[in-house]
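Accompanying notes for the structure given below.
These figures come from a predicted structure and were not determined experimentally.
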Protein chains: 2
Amino acid sequence: MSVKIGLLGFGTVASGIPFLLQENGEKITAAAHNELEIAKVLVKDEEEKNRLLAAGHDYHFVTNIDDIVNDPDIQIVVELMGRIEPAKTFILKALNGGKHVVSANKDLIAVHGPEIIATAKQNGLAFYYEAAVAGGIPILRTLANSLTADKVTRILGVLNGTSNFMLTKMVQEGWTYEDALKTAQELGYAESDPTNDVEGIDAAYKAVILSQFGFGMTISFDDVKHQGISNITPDDVAVAQEMGYVIKLVGDVKETESGISAEVSPTFLPQTHPLASVNGVMNAVYVESIGIGQSMYYGPGAGQKPTAVSVTADIVRIARRLTDGTIGKEFNEVSRETKLANPDDVLSHYYFAINTPDKKGQILRLAEIFSVEDISFEQILQTKANGTSARVVIITHNMSQTQLEAVKSRLAQEADFQVVNTFKVLGE
Amino acid sequence: MSVKIGLLGFGTVASGIPFLLQENGEKITAAAHNELEIAKVLVKDEEEKNRLLAAGHDYHFVTNIDDIVNDPDIQIVVELMGRIEPAKTFILKALNGGKHVVSANKDLIAVHGPEIIATAKQNGLAFYYEAAVAGGIPILRTLANSLTADKVTRILGVLNGTSNFMLTKMVQEGWTYEDALKTAQELGYAESDPTNDVEGIDAAYKAVILSQFGFGMTISFDDVKHQGISNITPDDVAVAQEMGYVIKLVGDVKETESGISAEVSPTFLPQTHPLASVNGVMNAVYVESIGIGQSMYYGPGAGQKPTAVSVTADIVRIARRLTDGTIGKEFNEVSRETKLANPDDVLSHYYFAINTPDKKGQILRLAEIFSVEDISFEQILQTKANGTSARVVIITHNMSQTQLEAVKSRLAQEADFQVVNTFKVLGE
């Protein structure tokens, strides 16, 4: 028996699936208990269809989603179009038409996941999306299955390959942000509009999904504070190194007494932290839990073949469940009431880089301002002074997000102090 | 409904299971679709039973395996005794008595796995053992499920926490092997007879199991060449560092043209390799595959709670399958004809440390000897010379195990050359 698949989109990732079916077909068939067959492929228009046919792609290309949704032989629809629309409409059509769905679309799942998941559930259908977080790293299924007996307390992740590639160059080669971006664009790692990657938006989508699998809580994209890497200066990078840290763009989801906190921000990681050596376009998810303690899952966050492996694992799982008669299980079964953390409870060490006129008494004045907000210093360093202005770098003891906002607004009122950057610092 | 469990043994790991059931019971019950209940616990004798009762452990302790095997209410037997006997007899009794079995016993599974797995299969029962390899790292289930669509080409692992702790101290602090062993024993990481840990035997057991999950091939323990860490000298450590490497005890399972090769040996890893920063008692499994490319799974290799998480995940899976009516699926479903690699096909770079009298022409003579076996040098370094003797260090280009044996036996015939150590070197 063969399980017939309808592919939506035939871009980079989609064309990795035939590669796997060809190179590894025997193992896939054995695992699925079925042959997998790509029955139809939806493309945008006749022009794309003709181009793909001319290039020798031997599939049944269609240009109307109904040709797939109304085909009774197709059991699984695989959405690899990306973006919100028309992907959302097509997925809902497929689910309402009785098809199981696999997707790698993190934007869509982070924003409209609850609606799609509810639709799948109502129809007793599977909706799986392992590839939506950290492409080739099987983190969602691992959280759902293997960590089922554990209680996750924090997830830290290097979740965006583009920004990690850029930061790696900035740290290891001393490049500026602008140089790193230019090269990332030349290499095809960054798009011409790199906003989603460099401003932490892409990583924030993934943090939303990780919060569901790690904590059973459905937060919305707007609940994830995100700060990008475009303000990081060579000075920040150098100071971090001097103090024993590496700067990475880190997604951080953790449970506090009052609820869950999720944010994406440039973070000083101790050089000995396992995430600190995750370099280039690689991703990693670091999990803290009461049972295992610390574990990390490392691999490529994107790319044709890695993403295709995750997508195909989802397809295999559905095919297998069809045989076993256990289809319809939710991808993530852990669900609790969603509570957002009170900013008073979200604690961290912070790095402050502050410009100030190079005159006497400024450090004392700074210490007074921080002291009013009950923030104490762990390290303080005057890094540059040229007679007219000085750069002061502070690493604080643990302080809350509330204290952070308070001290920043206090500093904003002081003409003598210009806060250049504030970044989170992970304690040892 | 509750699923009743019989525990065999109540040592460190076993007592971690009640911790998880208490701290995380709601999530575990939801995942298992059943309450899990430890119905009986087998201990050695009345003395142990009385000691545990006196210590406040409130379980139904029994001293005869038949009290568990013949109890019709018990569905799952969890073996946490370790060693081969009586664990093997008890597991087979349990399977023949209709119980599903979970075990964390790597020695037993590596040596008698095929017999136990066959017995489980005949009886339509589950036999799961996630905790047998790298304790808290969910590597077996990940290979079986998430990498199902991928083709693994090589698995490299830091698989023994004790030896990795010792090597970390030797590398980072310059300790001798003897100092590192003494501290490991004082901290309880090494047993008074450390042979299994330091000679690579424990890691070789894990390599046997990884070869089944990664490659579908059932090799025997004797097929795994193993070399331990006790011969590593401070000189080796220093030279490695100078050349940009870190020495780790690495399990290496790979598929060559002629078949599978598995070995455990001290290995020079490039400092930038993800395994190179796996320090202390932590373990990691690094997987090379045609789809994902490179991925790594990092976490504690042992310990009460991490191991209990893996054991409990197995129990949950069985309980869930009982509800779903899909029990009996083999833990690892991938199986191919086992072929061992021809040593001609097992290639690696190698490090040679050679003592030789400090006189003219010795390097030339060495070059001649290696050349006869068609081995060329990548780097050569004379590290110490005191007028009477010199230490020559060579890193070769790729060469086969056959060439390695041939050149070693050639060198053994030369009075002027004493081979102090040969270790594998991982290329960039």
Between A:T326 and B:T326: side-chain donor-acceptor atoms closer than 3.5 Å | no
Among [options], single out the residue with the greatest number of heavy-atom pairs under 4.5 Å to chain A.
options	value
B:G299, B:G25, B:A308, B:G291	B:G291
B:G293, B:P274, B:A30, B:A276	B:P274
B:L21, B:T312, B:I28, B:N24	B:N24
B:G136, B:A149, B:S289	B:A149

Looking only at heavy atoms, what is the nearest atom pair of [X] and [Y], with distance?
X	Y	answer
A:A31	B:T148	CB-OG1, 3.0 Å
A:P138	B:L147	CG-CD1, 4.4 Å
B:S146	A:A313	O-CB, 3.6 Å

Heavy-atom distance under 4.5 Å to chain A: side chain of [X], backbone, both or neither?
X	result
B:I290	both
B:H33	side chain
B:E333	side chain
B:T142	side chain
B:N145	both

If one checks every heavy atom of A:P300 against chain B at 4.5 Å, the contacting part turns out to be both
Could you tell me whether [X] atom [atom1] has more than 12 heavy atoms of other residues or ligands within 6.0 Å of it?
X	atom1	value
A:E173	CD	yes
B:Q22	CD	no
A:K4	NZ	yes

Gap between atom OH of B:Y298 and atom CG of A:L275 - 0.5 Å precision |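 Rounded to the nearest 0.5 Å, the CG-OH separation comes out at 9.5 Å.
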Would you give the length of the straight line joining atom OH of A:Y297 to atom CD1 of B:I139, rounded to the nearest 0.5 angstrom?
-> 9.5 Å
For each of A:D314, A:I17, A:V309, tally heavy-atom pairs with chain B at distances under 4.5 Å, and name the one with the top tally.
->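 When all of A:D314, A:I17, A:V309 are compared, A:V309 has the most.
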Show your reasoning for whether side-chain contact (heavy atoms from CB on, under 4.5 Å) applies to A:M282 and B:M296.
-> CA-CA 11 Å; A:M282 300 305 271; B:M296 188 174 82; over 6 Å; no
State whether the side chain of A:K27 and the backbone N or O of B:D150 hold a donor-acceptor pair below 3.5 Å, judged by distance alone.
->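 Yes: the side chain of A:K27 pairs with the backbone of B:D150.
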Check the pair A:R336, B:E26 against side-chain contact (heavy atoms from CB on, under 4.5 Å), reporting the backbone distance first and the verdict last.
-> CA-CA 11 Å; A:R336 297 150 65 203; B:E26 211 174 315; over 6 Å; no
